[in-house]
Amino acid sequence: MIIVLKKDVSPEEMRKLVADIESVGNIKANTIIGEQSNVIGLVGDTTRLNEDDIAANDIVESVKRVQEPYKMANRKFHPEDTVIQVPSANGSVTIGGGAFQIIAGPCSVESEEQITEIAKSVKKSGAKLLRGGAFKPRTSPYAFQGLHDEGIRLLLKAKKETGLPIVTEIMSAAHLPLFEDVDVIQVGARNMQNFELLKELGAVQKPILLKRGLANTLEELLMSAEYIMAAGNPNVILCERGIRTFETATRNTLDISAIPMLKKASHLPVIVDPSHACGIASMVEPMAKAAAAVRADGLIIEVHNNPQKALCDGKQSITPEAFDKLVKTIRPFAELNGKTL
């Protein structure tokens, strides 16, 4: 249920209304203070609340029941875009709002020389965050699984060298102590519905980059975000990374329509992964342009200094030179939509 308040309502009047509602029991009221209006979003069993009784209150403009099962991720509860600040050496990196951010780096961390060289290169080209896999979920148990804690150590060295905040994927809640100095924790497509992991991440006050599952609906993605938010962490970044369809020419199919749909349904920032979306390096640039054109809040791109010899996903990785060209190419598309790159 959503309660829209009239303008110029005092904080004391708002607190009294919230107290009256929560006294009914098993209901949590979340107050959102906006520039145009103030909203109270109710989460829990609202069946015992009478809409007419609430609407009769002098400070209430309107009362609406929400049909969607997700509440905290719902734009109806939170009309204004969520803007997430990631601490960095130079202050913070903004994700959401009017910013268009690029996260770049290799699919997996392979060596200190590799990750540091790529970090310096992507930073020079305009990336504001460094990605790199320390734990790698692979279809084959015989494929390279990442360097694990050593990979995180090398990412942190690259961060110290460049000042770039780091983004890396978590596989298990048991690994959380290793992620203490990681700036953005990524939940991969295969773990999107690992609900126990999501609940644990709700207790971590760090930005969580949540990737859409290979065959999941947008509502299921938002419900996974809801798990994190309901557990106490509002800092969720949604990521469209392509879904599995009947098409075999590409690794996945980039659902470009997902971005405006998610923007309409939710206030959370939405970024796009064009590397996994198609699995072909030559398609990364046109897919990145498409993402910028439909008002995505950023990109996460795989960059490798020697894709032919990459230990993981070399086919979809672009070179530092190609990344530099891509950043220049997509800038007009982002700026056309009022985004600052």
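In this chain, numbering begins with 1 at the start of the sequence shown.
- For S23, there are no side-chain contact (heavy atoms from CB on, under 4.5 Å) partners, not counting sequence neighbours.
- Scanning both residues, V184 and L129, for their nearest heavy atoms gives CG2-CD2, 4.1 Å.
- Under a cut-off of 6.0 angstrom, the local environment of CD in E247 is crowded, with over 12 non-hydrogen atoms contributed by other residues, nucleotides or ligands.
- Ring geometry, H175 versus H148: the interplanar angle falls from 30° to 60°, so the pair is classed tilted.
- A salt bridge does not link E161 with K157: every distance from a Lys NZ or Arg NE/NH1/NH2 to an Asp or Glu carboxylate oxygen is 4.0 Å or more.
- The side-chain contact (heavy atoms from CB on, under 4.5 Å) check on P69 picks up E219, M223, with sequence neighbours excluded.
- In this structure, E150 pairs ionically with R153, as a charged nitrogen and a carboxylate oxygen lie closer than 4.0 Å.
- When side chains are defined from C-beta on, E169 does not count as touching K211, because their heavy atoms never get closer than 4.5 Å.
- Annotation for N90: atom CG does not count as buried by contact number, only 12 or fewer foreign heavy atoms lying within 6.0 Å.
- For D313 and R251, the salt-bridge test passes: some basic side-chain N is under 4.0 Å from an acidic carboxylate O.
- Using a 4.0 Å cut-off between charged nitrogen and carboxylate oxygen, K7 and E61 do not count as a salt-bridge pair.
- In plain terms, the two heavy atoms of P269 and D297 that are nearest each other are CA-OD2, 3.3 Å.
- Within a 6.0 Å sphere centred on CZ of R75, heavy atoms belonging to other residues, nucleotides or ligands number more than 12.
- In this structure, D255 pairs ionically with R212, as a charged nitrogen and a carboxylate oxygen lie closer than 4.0 Å.
- When all heavy atoms are compared, the tightest approach of K206 to I185 is CD-CD1, 3.9 Å.
- Crowding of Q67 atom CD: a count of heavy atoms from other residues, nucleotides or ligands under 6.0 Å not exceeding 12.
- One side chain, T94 or Q85, offers a donor N or O that lies under 3.5 Å from an acceptor on the other.
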- Please walk me through it: do F323 and I102 pass side chain to side chain contact (heavy atoms under 4.5 Å, CB included)? CA-CA 10 Å; F323 176 72; I102 302 179; 3.7 Å; yes
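- Between the K123 side chain and the T162 main chain, a donor and an acceptor come within less than 3.5 Å of each other.
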